[in-house]
Amino acid sequence: MPDINITLPDSSVKTMPAGSTPQQVADQIGPGLARAVVVARVDSKLVDLNTPLNYDCSLELFKGDSTVGHDTLLHSTAHLMAQAVKELYPDVKITIGPTIENGFYYDFDLEQTFSDDDLARIELKMKDLAKADQEINREEISTQEAIELFRDLGETYKVEIIEDIDPKETITTYTQTNFTDLCRGPHVSRTGKIKYFKLLSTSGAYWRGDESNKMLQRIYGTVFASKEALKTHIHNLEEAKKRDHRKLGKELELFTFDDEIGPGLPLWLPHGTVIIDELEQLAKETERRAGYQQVRTPHLTKGKLYEKSGHLDHYRDSMYPAMDVDGLDYYVKPMNCPHHHKIFASSPRSYRDMPIRLSEYGTCYRYEKSGQLFGLMRVRSLQMNDAHIYCTREQFKDEFLDVCQMYIYYFKIFGIDKYTMRLSLHDKEGLGKKYINEPELWLKTEQWVREALQEGNIDFVEVPGEAAFYGPKIDVQVWSAIGKEFTLATNQVDFAVPEKFNLQYKKEDGQNKTPLCIHRAPLGTHERFIGFLIEHFGGNFPLWLTPIQVAVLPVSDKVLDYAGKISHTLQDANIRVKLNTRADKIGAKIRQAELEKINVMLIIGEKEEVNATVSVRRRFEGDLGQMALSELIADLTTEINTRRIAHSEKAEAATE
RNA sequence: GCCUACGUAGCUCAGUCGGUAGAGCACUUCCUUGGUAAGGAAGAGGUCACCGGUUCAAAUCCGGUCGUAGGCUCCA
């Protein structure tokens with residue numbers, strides 16, 4: 001057999017007989033790599049380790065701890081799980097089993113449902129199948145052969161998938177012993193390469209994600225290249241749960257839900273209300289500077305208005321049902337837009353008045369389906385950080401960009417850096433159904449938005465089919481502690497509704513013209529934003545935002561009077577303070593304040609009373625020694641007014 | 001809305017085979033006046049989510065309703 005030259009990433013060349021496999025190359029390099037390698041790249045194409053190499057080529061070998069290798073491992077473990085399920089439950093029909101971030105799932109059609117015991121059984125079976133070190137072999141077949149193969153196996157879902165594939169394409173299958181799955185690959189070459197995996201949870205999932213289809217059973221799992229990596233991953237999941245806003249919200253007494261009030265209707269407790277107030281304060285300041293005017297509108301409105309706006313058409317199912325008032329349908333408002341349009345229309349407008357920016361922190365009600373509710377992130381009563389900007393076409397780009405820059409300004413204040421700006425566009429199929437049927441206006445406004453972002457040097461991704469029904473939008477996507485994706489803020493173009501409401505302003509030439517409207521909510525809703533902030537800060541709020549800023553802790557009852565005076569002085573200086581007068585020892589009082597995540601603790605004993613000082617202890621910093629109260633107030637006031645994020649100047653310096 | 005699991009004191013949780021409930025923390029009172037993450041004692045606190053069924057007897061078994069969780073679908 002002739003030899004071939006295989007070039008490795010370090011430019012070294014290995015000469016091996018033609019027909020050698022990447023695994024054999026790894027075997028030659030060393031036993032460690034031979035064990036750890038899971039997939040190979042030959043001339044920039046990912047291939048299985050047992051693919052024969054017949055020509056001179058370049059070769060990269062990936063271990064399971066690389067991005068590419070991990071993905072292969074995940075995918076192969078999904079197959080291993082399907083094999084185990086099929087052996088344990090012969091009646092099962094397999095469907096799809098893709099990889100996701102740090103995990104995989106596989107959807108099964110089976111009469112019986114999977115319990116935790118089943119999960120444990122499946123995991124044990126997988127261990128056996130992995131240890132058996134089965135060979136995994138790739139095969140190329142025609143569409144017709146594939147259909148026959150899977151039809152004979154009774155795998156009707158696979159047949160359905162193949163029927164949707166272009167018949168000219170070659171189909172590949174992967175077989176391990178008696179289990180064959182349709183798959184593009186690549187996969188690990190032997191099941192023995194799969195070692196450190198865990199099945200995590202089960203759930204229902206619609207076939208092809210369509211709720212009119214049958215509900216299948218999904219099993220989620222994960223796999224890693226090493227025991228440590230798996231352990232770390234599971235540890236991280238547990239740590240994330242500690243940051244969950246639902247848990248912290250309860251512990252820090254920020255908000256609560258009550259069965260007798262209703263699902264998705266939060267009660268804001270005093271501590272949570274402080275945070276809302278601080279946020280609103282920030283929004284009001286920022287918007288006043290940016291030329292917004294605040295308005296207020298009622299919670300109830302006649303149905304006719306929502307017919308006009310198109311909301312009843314598009315969102316009737318997620319509005320609370322109408323109530324009959326004097327024979328007319330009234331609705332609780334699901335958003336503020338039509339009301340603001342009415343304010344715009346309440347008096348004649350000139351081009352000199354434009355743009356007009358109306359803001360409102362109004363409470364809206366949306367009937368979210370029960371299964372959608374999620375702590376504060378998805379609720380039925382919500383207070384929006386809402387505003388509508390009415391502007392001319394010439395002003396549009398500047399206004400839109402200003403709004404985007406307002407997000408960035410806010411995100412800087414909160415230290416939010418993990419987010420994606422998503423330009424949500426229409427799709428042609430939705431025109432006249434999901435979207436207002438104005439093909440040219442869609443393209444035009446989408447281009448304006450794109451240009452505004454480009455001119456502002458703002459990074460974004462484009463996603464077709466995600467627009468609002470009346471125009472394109474920018475959504476800011478973030479992730480909750482447990483990895484759920486949410487839209488935190490939104491900035492939308494509305495080229496249609498102002499027309500429906502016959503909104504007009506008079507141009508210089510005396511002609512009437514319909515303005516464009518920008519809907520924007522940089523802080524989204526108070527509920528979601530605070531839910532997000534709780535997780536973002538892990539409950540360790542910066543001083544300006546934290547419900548209780550200072551805990552005054554007397555060492556003994558002897559100094560209660562002095563401690564009371566300190567507490568009053570702080571209160572007079574507009575600092576939120578809590579005086580602990582309990583008969584506990586100082587250690588217990590400190591512990592209590594730590595658990596409540598109070599940033600600043602003042603230890604007040606006889607020494608302090610004699611010296612007329614306070615001893616300062618800060619979270620994450622410890623004892624900072626004595627200082628005059630006036631000095632402390634000055635420092636804290638600066639920290640609050642500048643909305644400093646870090647808990648200490650030291651920590652702040654370290655991150656810069 | 002759909003699939004699955006769960007619901008016991010304010011919180012976190014135990015409660016075996018069906019015999020009407022328990023711990024720790026928190027709370028109240030008393031003792032202790034203690035210097036940087038829990039001093040001690042006593043007391044009080046529950047229609048076991050709700051409604052119905054089976055049973056001599058239900059927190060426990062069965063059905064329904066409500067709520068929560070993990071997903072799916074949806075999101076102006």
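In what follows, chains are A, B, ... by sequence order, proteins preceding strands, each numbered from 1.
Relative ring orientation between A:His311 and A:Tyr306 is described as perpendicular, the plane-to-plane angle rising above 60° on a 0-90° scale split at 30° and 60°. Note: A:Trp442 and A:His426 have parallel aromatic rings, judged against thresholds of 30 and 60 degrees for the angle between ring planes. Relative ring orientation between A:Phe108 and A:Tyr106 is described as parallel, the plane-to-plane angle staying below 30° on a 0-90° scale split at 30° and 60°. The aromatic rings of A:Phe374 and A:Phe486 sit parallel to each other, their planes meeting at less than 30°, with 60° as the upper class boundary. Using the six-membered ring where Trp is involved, A:Phe396 and A:Trp448 have ring planes that are tilted, between 30° and 60° apart.
Where A:Arg366 and A:Glu594 meet RNA chain B, the nucleotide closest to each residue was compared, and A:Glu594 sits on the side nearer the 5' end. Annotation: of the two residues near RNA chain B, A:Ala588 and A:Phe114, the 5′-most nearest-nucleotide partner is A:Phe114.
Nucleic acid contact for A:Lys473: sugar-phosphate only, since backbone atoms but no base atoms lie under 4.0 Å from a heavy atom of the residue. If you check every strand for non-hydrogen atoms under 4.0 Å, A:Ser318 touches a base. Counting any heavy atom pair closer than 4.0 Å across all strands shown, A:His311 reaches a base atom.
Stem list for RNA chain B (at least 3 consecutive Watson-Crick or G-U pairs, distances under 3.5 Å): B:1-7 with B:66-72, B:10-13 with B:22-25, B:27-31 with B:39-43, B:49-53 with B:61-65.
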Per-nucleotide protein contact string for nucleotides 60-66 of chain B (B base, S sugar-phosphate only, - none; heavy atom under 4.0 Å): -------

I'd like to compare against my own output: the B/S/- annotation of nucleotides 27-36 of chain B with a strict under-4.0 Å heavy-atom distance to protein. S----BBBBB

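In terms of modelled atom types and a separation under 3.5 Å, the side chain of A:Arg366 and the main chain of A:Pro334 share a donor-acceptor contact.
Looking at A:Lys597 and A:Glu251, no side-chain N of the basic residue comes within less than 4.0 Å of a carboxylate O on the acidic one, giving no salt bridge. Using a 4.0 Å cut-off between a side-chain N of Lys or Arg and a carboxylate O of Asp or Glu, A:Arg422 and A:Asp475 qualify as a salt bridge. Salt-bridge formation is not detected for the pair A:Arg591/A:Glu594: no Lys NZ or Arg NE/NH1/NH2 atom is positioned less than 4.0 Å from an Asp or Glu carboxylate oxygen.
Taking the P atoms as reference points, B:rA9 lies 8 Å from B:rA49, given to the whole Å. Comparing the P positions of B:rU36 and B:rC48 gives an interatomic distance of 46 Å, to the nearest angstrom. B:rU8 sits 13 Å from B:rG15 when the P atoms are compared, rounded to a whole Å. Taking atom C1' on both B:rC17 and B:rU12, the two are 28 Å apart, rounded to the nearest angstrom. Atom P of B:rA21 sits at a distance of 46 Å from the matching atom of B:rG35, rounded to the whole Å. Spacing of P atoms, B:rC62 relative to B:rG18, comes out at 11 Å, to the nearest Å. Taking atom C1' in both B:rG64 and B:rG70, one finds a spacing of 24 Å when rounded to whole Å. Remark: the separation of the P atoms in B:rA76 and B:rC2 is 23 Å, to the nearest Å.
Between A:Arg618 atom CZ and B:rA37 atom C1' there is a gap of 18 Å when expressed in whole angstrom units. Residue A:Leu595 contributes atom CG, which lies 17 Å from atom P of B:rC11 at whole-angstrom precision. Rounding to whole angstrom units, CE of residue A:Met601 and P of B:rA38 are separated by 13 Å. Straight-line distance from the CD atom of A:Glu111 to the P atom of B:rC3: 13 Å, rounded to whole Å. In this structure, CG of A:Asp116 is placed 10 Å from C1' of B:rU4, rounded to the nearest angstrom. Here B:rU68 presents its C1' atom at 16 Å from CD1 of A:Ile261, a figure rounded to the nearest Å. The distance from atom NZ of A:Lys241 to atom P of B:rU12 is 15 Å, rounded to the nearest whole Å. In this structure, the NZ atom of A:Lys247 is 15 Å from the C1' atom of B:rU68, given to the nearest Å.
Judged by distance alone, the side chains of A:Asp117 and A:Ser115 never bring a donor and an acceptor atom under 3.5 Å apart. Judged purely by distance below 3.5 Å, without hydrogens or angles, the side chains of A:Lys333 and A:Thr297 pair a donor atom with an acceptor atom.
Looking at A:Arg378, its side chain comes within 3.5 Å of the base of B:rC74 through a donor and an acceptor atom.
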Write down the protein N/O and nucleotide N/O pairs, taken from nucleotides 70-72 of chain B, whose separation is under 3.5 Å; answer none if there are no such pairs.
residue, atom, partner, partner atom, Å
B:rG70, OP1, A:Arg246, NH1, 3.3
B:rG70, OP1, A:Arg246, NH2, 2.6
B:rG70, OP2, A:Arg246, NH1, 3.1
B:rG71, O3', A:Tyr220, OH, 3.0
B:rG71, O2', A:Ser203, OG, 2.4
B:rG71, O2', A:Tyr220, OH, 3.2
B:rC72, O4', A:Gly204, O, 3.2
B:rC72, O2', A:Tyr206, N, 3.0

Every protein N/O within reach of nucleotides 40-46 of chain B N/O, cut-off under 3.5 Å:
none

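With rounding to the nearest 0.5 Å, the separation of CD1 in A:Ile343 from NE2 in A:His341 is 11.0 Å.
Each of A:Asp107, A:Asp164, A:Thr95 was scored for a side-chain hydrogen bond (donor to acceptor under 3.5 Å, both in side chains) with A:Arg208, with one residue passing: A:Asp164. Of the candidates A:Val493, A:Leu423, A:Thr490, A:Ile474 forms a side chain to side chain contact (heavy atoms under 4.5 Å, CB included) with just one, namely A:Leu423.
Not counting sequence neighbours, the partners of A:Trp207 by the side chain to side chain donor-acceptor pair (under 3.5 Å) test are A:Glu160.
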Just do the side chain to side chain donor-acceptor pair (under 3.5 Å) check on A:Asn611 and A:Gln626 with the steps written out, would you? CA-CA 9 Å; A:Asn611 298 339; A:Gln626 293 184 43; 3.1 Å; yes

Checking salt bridge (charged side-chain N to carboxylate O under 4.0 Å, His left out) for the pair A:Lys444/A:Glu438: CA distance, chi angles, key distance, verdict? CA-CA 10 Å; A:Lys444 201 186 279 176; A:Glu438 295 277 3; over 6 Å; no

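Summarising the local packing, CG of A:Asp427 is surrounded by more than 12 heavy atoms from other residues, nucleotides or ligands at distances under 6.0 Å.
Residue A:Lys250 places at least one side-chain N or O under 4.0 Å from the OP1 or OP2 atom of B:rU12.
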